[in-house]
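Encoded as structure tokens, the structure appears first; notes follow it.
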Amino acid sequence: MERTFVMVKPDGVQRGLIGEIVSRFEKKGFQLVAAKLMMVSQELAEQHYAEHKEKPFFGELVDFITSGPVFAMIWQGNNVIAGARQMMGKTNPADALPGTIRGDFGVSVGMNIIHGSDSPESAQREISLWFGEGEAVEYEKTI
Ligand code: CMP
């Protein structure tokens, strides 16, 4: 079963959107298998955003993601990587459609509420960067 890494960024946490976001993923039928509220170290932020190291906004990106708690999650389900991206909407909230998380709540490209892995390779890399072995829970839905 496919898994992806999803994170509510500091703006989403401070605006009280954790519940709304978790609820949308649950209603879609995806399964939460790991979650934690945490502060992000400078080192983890730089590793997470390594592909943007040369971009002019890299410093801003790292400063923002380390500015307050984030809610890091692993979601599981059929086609969950693309499905999560669809639910999040375009990176820039100005381009994101209403009904998507960024379209409904996003303010700016820097403060865009949520991050989700963009490919199976990213999902694997980000899950192992943010979560240790055994932190994800494998369980069957019984009700
Ligand atoms: P995310 O999905 O977390 O991955 C990279 C992030 O870089 C992206 O969301 C945006 O929040 C951020 N980003 C992209 N373009 C810009 C920009 N021009 N200025 C500031 N941040 C940006």
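Counting convention: from 1, in listed order, for ligands and their atoms alike.
Atom 2 (O) of ligand 1 has as its closest protein heavy atom His115 ND1, 3.2 Å. For atom 11 (O) of ligand 1, the nearest protein heavy atom (residue, atom name, distance) is Val109 O, 2.6 Å. At the top of the distance list for atom 9 (O) of ligand 1, counting protein heavy atoms only, stands Lys9 NZ, 3.1 Å. Considering only non-hydrogen protein atoms, atom 4 (O) of ligand 1 sits nearest to Tyr49 CE2, 3.6 Å. For atom 8 (C) of ligand 1, the nearest non-hydrogen atom of the protein is Thr91 CG2, 3.7 Å. Among protein heavy atoms, the minimum distance from atom 15 (N) of ligand 1 is reached at Phe57 CZ, 3.4 Å.
Side-chain contact check for Val8 versus Met73: some heavy-atom pair is nearer than 4.5 Å.
To the nearest 0.5 Å, atom OG1 of residue Thr142 and atom CD of residue Glu140 are 9.0 Å apart.
The two atoms that bring Leu37 and Pro69 nearest to each other are CD1-CB, 4.0 Å, heavy atoms only.
Remark: of the listed residues Val6, Val22, Ile114, Val22 is the sole one forming a side-chain contact (heavy atoms from CB on, under 4.5 Å) with Phe71.
Which parts of ligand 1 touch Asn112 is read off a 4.0 Å heavy-atom cut-off, strictly below it: atoms 8 (C), 9 (O), 10 (C), 11 (O). Within the listing of ligand 1, atoms 2 (O) sit less than 4.0 angstrom from a heavy atom of Arg102. Below 4.0 Å from some heavy atom of Glu60 lie the following atoms of ligand 1, by number and element: 20 (C). In the vicinity of Leu61, heavy-atom distances shorter than 4.0 Å reach the ligand 1 atoms 6 (C), 7 (O), 12 (C).
In this structure, Arg3 pairs ionically with Glu138, as a charged nitrogen and a carboxylate oxygen lie closer than 4.0 Å. Between Arg125 and Glu121 there is no salt bridge, since none of the side-chain N atoms of the basic residue sits less than 4.0 Å from a carboxylate O of the acidic one.
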Check: Is there a side chain to side chain contact (heavy atoms under 4.5 Å, CB included) between Phe25 and Met87 once you walk through the steps?
Finding: CA-CA 8 Å; Phe25 278 76; Met87 288 166 65; 3.7 Å; yes
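Within the 4.0 Å heavy-atom cutoff, Phe64 does not count among the residues contacting ligand 1.
Side-chain polar atoms of Ser117 and Glu126 form a donor-acceptor pair below 3.5 angstrom.
Classification of the His115-Phe5 ring pair by plane angle, with boundaries at 30° and 60°, yields tilted.
In His52, the part holding a heavy atom less than 4.0 Å from any atom of ligand 1 is the side chain. Proximity of Asn92 to ligand 1, defined as any heavy-atom pair under 4.0 Å, is not found for any part of the residue.
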